[in-house]
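Each residue takes its place number in the sequence, starting with 1.
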Amino acid sequence: MIAPDLIAAHGLSSDEYDRILQLIGREPSLTELGIFSAMWNEHCSYKSSKKWLRTLPTTGPRVIQGPGENAGVVDIGDGMVVVFKMESHNHPSFIEPYQGAATGVGGILRDVFTMGARPVAALNALRFGAPDHPKTRHLVAGVVSGIGGYGNSFGVPTVGGEVNFHSGYDGNILVNAFAAGIAPAEGIFYSKASGVGLPVVYLGSKTGRDGIHGASMASAEFDDASHEKRPTVQVGDPFSEKLLLEACLELMETGAVVAIQDMGAAGLTCSAVEMGAKGDLGIELDLDQVPCREDGMSAYEMMLSESQERMLMVLRPDLQAAAEAVFRKWGLDFAVVGKTTDDLRFRVLHDGRVEADLPIKDLGDEAPEYDRPHSPAIAPTSMGETPSEPDSYDDVLVRILGSPDMCSRRWVWEQYDHLIQGNTVIRPGGDAAVVRVDGNGKGLAFSLDVTPRYCAANPFEGGKQAVAECWRNLTAAGAQPLAVTDNLNFGNPERPEIMGQLVGAIRGIGVACGALAFPVVSGNVSLYNETNGTAIPPTPTIGGVGLLPDIEAAVTIGFKAEDEAILLVGAPARWGTHLGRSVYLREILGSDDGPPPPVDLDHERRVGDLVRGMIRAGLVAACHDLSDGGLAVALAEMAMASGIGATIDLPAGGSPLATLFGEDQGRYLLTVTTDNVSALLKRAEIVGVTAQRIGGTGGTELKLGDIAAISVANLRQSHESWFPAFMSAGAG
């Protein structure tokens, strides 16, 4: 008899358990209960979000594979594709930061090379609690070390991402891992099995007890006893993963692979069920054949283990021997653990007993789908009292640049090997990272973006803005934005206010992706990110990929020379107007007042297309989009990246506060030679985009009208100091 507490321990509601009884007509065995738990948890089934994810635009002229596979696939021309995805490893990283983050990197890399692509870039979006929280420094050190330890050892460049701090993540950090790879268009592999009686083959590392119930843990809230979940965190081995990559890519060239699936969330259960169900086939597994690194493992443990560096394949029988030879050469396990069948059953055998015999399609197709109640957030429509002018603009800019959220992340990215493979063209620290596509002169640009303080105030506008900022960052490097992957991080969807955040953000993302021709081709939903009923800020991270037809046309944010003109493109007459939810309010006044800046998607597209065209025409020396901190911060970042100062002539009249620190959207800063100024202004006038010459480069100071003059050296000192000082403070 399955007791109610055992059902609850498996993350199933009483209604869901009743549904299981109806589907199979009897009480499940313990192994079967575990299988249903794995397949029906939030992390694997998307039962709270499926209804809304279906509304996202997922197709386009370059999209070869959208959501539903291990990763999305997009055409980049010349017979090549880019394969990419982003996923969360939030809960494991909070419990055990090094292994949680490391295995997050390993898992996303497998999603990419499972499709037949060689990984060429990794990025990550990290969010930690307040710097003064007692666990924050420990978590930062462990997560960064785990990402570097795995990615550096595997041999993929970690080229960009985000790191932010907020007290809302004190009890539940976020680790979102992104990876991209390149493959020939004719060499993509999918997870849909075909053919009856074909061998199902286990490949890679041995199975252990690490990671059992990992997917279920990712679908539950934390509480004060969350440290007890440490055994559900997997342990990674990047060197084994490197061998697995090479073996898989070599095997794929033999023509032996019919279907392939990474053993990620829910391990052997999810991979086997998905391969069979997608092909309208049954799967029979004999667990006696599964390579194990621990003695006495039960069927339940083997089916739910999330041990790393493992794959499941369906192979052509006539090439089985050749396939085995490849894996033996690389020193990896190769074991035939089952076969495909024509009876649509998922059958698991162990020690001569049938441990599970379930309808394979129902494990996925009959997973619950909820239209949960959702209450839209009441978005503020205006700010309170208009902030007064600061006493010193110099001090304000220095304070902002040295704050935890706005300081340099050099301490982080210098621990990552961002140059391995030799194709990194634009390194971390700018708007977008860029890597070279070997052999054809093209480049790929990558960016991860979201502004949670905007999403908290207005999830719809925040979702739009995350997409728009990602689109701008790719454009600012000279790339044509192709497609996105998303990682939707929210609290408990059973609370209507949290579900309202999720729905609002997805709607905003969908509208923006549609308007910008920026389809969603893969992604991940991470819910129940909360501890003791306190949810994280809504954080729908967007990962974008863009294409540069000519890598030589890529530009960076740093000023390139003295005596060049600085142009502000896409801004209102007074350059900046919107202080609501700004960095200035938060860092200087300690306020989260007002609405987020509105996003005009038609404006975004017109301005971005203009800027990209000017970059590709070779008219632009440097480019930077305006986002956190507004104009003053963007100018400072361009100056610090180059060591060259600038003089800005502020508009006459009115308050310079919003001009310098407003966070209006759809704006770019460009530097150009004086010979090109007229041509650029004329281009902007023709397409109806505002463009103004606001100053020039030169000297060693950033001069903002007559209200601020700060040496670039002092800006750098403030910008570069906080992170090393914070991390070294715990060294004793």
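- Side-chain contact check for Val143 versus Pro97: some heavy-atom pair is nearer than 4.5 Å.
- Here the OG1 atom belonging to Thr475 is positioned 4.5 Å from the OH atom belonging to Tyr668, to the nearest 0.5 angstrom.
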| request: Using the salt bridge (charged side-chain N to carboxylate O under 4.0 Å, His left out) rule, take Glu162 and Arg409 through it: C-alpha gap first, then chi angles, then the decisive distance, then the call. | output: CA-CA 8 Å; Glu162 293 190 306; Arg409 271 58 180 138; over 6 Å; no
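- Rounding to the nearest 0.5 Å places OG of Ser145 at 14.5 Å from OH of Tyr150.
- Under 3.5 Å, the side chains of Thr541 and Asn176 contain a donor-acceptor pair of N or O atoms.
- Within the cation-pi definition used here (under 6.0 Å to the ring centroid, within 45° of the axis), Lys135 qualifies as a partner of Phe94.
- For the residue pair Glu69 and Ser191, a side-chain donor N or O sits within less than 3.5 Å of a side-chain acceptor on the partner.
- Note: Tyr169 and His166 have perpendicular aromatic rings, judged against thresholds of 30 and 60 degrees for the angle between ring planes.
- The side-chain hydrogen bond (donor to acceptor under 3.5 Å, both in side chains) test applied to Arg118 returns Glu246, not counting sequence neighbours.
- Taking the side chain as every heavy atom from C-beta outward, Val120 and Asn423 never approach each other to under 4.5 Å.
- Residue Arg427 qualifies as open at atom CZ: its count of foreign heavy atoms under 6.0 Å is 12 or below.
- In summary, the side chains of Asp449 and Ser447 do present a donor paired with an acceptor at a separation below 3.5 Å, with no hydrogens or angles considered.
- Salt bridge Glu369/Arg54: present, at least one basic N to carboxylate O contact under 4.0 Å.
- For the atom pair CD1 of Ile426 and CG of Leu548, the computed distance is 7.5 Å after rounding to the nearest 0.5 Å.
- Side chains of Pro596 and Thr451 form no contact here, defined as non-hydrogen atoms less than 4.5 Å apart.
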| request: Kindly indicate, with the supporting measurements, whether the criterion side-chain contact (heavy atoms from CB on, under 4.5 Å) is fulfilled by Val144 and Tyr416. | output: CA-CA 8 Å; Val144 171; Tyr416 305 151; 3.9 Å; yes
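- The cationic atom of Arg137 (NZ for Lys, CZ for Arg) does not lie both less than 6.0 Å from the six-membered ring centre of Trp411 and within 45° of the ring axis.
- Asn41 places a side-chain N or O within 3.5 Å of a backbone atom of Ala38 that can act as its donor or acceptor partner.
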| request: Tell me, with the steps shown, if Asn172 and Asn90 meet side-chain contact (heavy atoms from CB on, under 4.5 Å). | output: CA-CA 7 Å; Asn172 199 125; Asn90 304 334; 4.3 Å; yes
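- Put simply, the side chain of Tyr370 does not reach to within 4.5 Å of the side chain of Met499, judged on heavy atoms.
- No side-chain donor from either of Asn487 and Glu87 sits under 3.5 Å from a side-chain acceptor of the other.
- The side-chain hydrogen bond (donor to acceptor under 3.5 Å, both in side chains) search around Asp431 returns His624, not counting sequence neighbours.
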| message | Go through it in stages, so that I can follow the logic: the residues are Ser49 and Leu502, the test is side-chain contact (heavy atoms from CB on, under 4.5 Å), and I'd like the CA-CA distance, side-chain angles, deciding distance and then a yes or no. | response | CA-CA 8 Å; Ser49 56; Leu502 176 64; 4.2 Å; yes
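- For the atom pair Leu488 CG and Cys455 SG, the distance stands at 10.0 Å (nearest 0.5 Å).
- Between Glu663 and Tyr584, the side chains place no donor N or O within less than 3.5 Å of an acceptor N or O (distance only, hydrogens not considered).
- Considering CZ of Arg667 and CG of Leu631, their distance stands at 6.5 Å, rounded to 0.5 Å.
- Ring geometry for Phe726 versus Phe723: interplanar angle over 60°, hence perpendicular rather than tilted (30 to 60°).
- Summarising the geometry, atom OG1 belonging to Thr103 is positioned 9.0 Å from atom CD belonging to Glu96; distances are rounded to the nearest 0.5 Å.
- Between Arg110 and Glu241 there is a salt bridge, since at least one side-chain N of the basic residue sits less than 4.0 Å from a carboxylate O of the acidic one.
- You'll find the side chain of Met86 stays beyond 4.5 Å of the side chain of Asn524, heavy atoms only.
- The shortest side-chain heavy-atom distance between Glu42 and Pro493 falls under the 4.5 Å cut-off.
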| task | Take Val611 and Asp625 through the side-chain contact (heavy atoms from CB on, under 4.5 Å) test and state the conclusion after the steps. | result | CA-CA 10 Å; Val611 169; Asp625 89 303; over 6 Å; no
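- No side-chain N or O of Thr114 forms a donor-acceptor pair with one of Asp262 less than 3.5 Å apart.
- Relative orientation of the Phe128 and Phe165 rings is tilted, given thresholds of 30° and 60° on the angle between their planes.
- The side-chain heavy atoms of Val412 and Ile147, taken from C-beta on, include no pair separated by under 4.5 Å.
- Look at Asp628 and Arg586 and you find no salt bridge, because none of the NZ, NE, NH1 or NH2 atoms lies under 4.0 Å from a carboxylate O.
- You'll find the side chain of Asp417 reaches within 4.5 Å of the side chain of Leu419, heavy atoms only.
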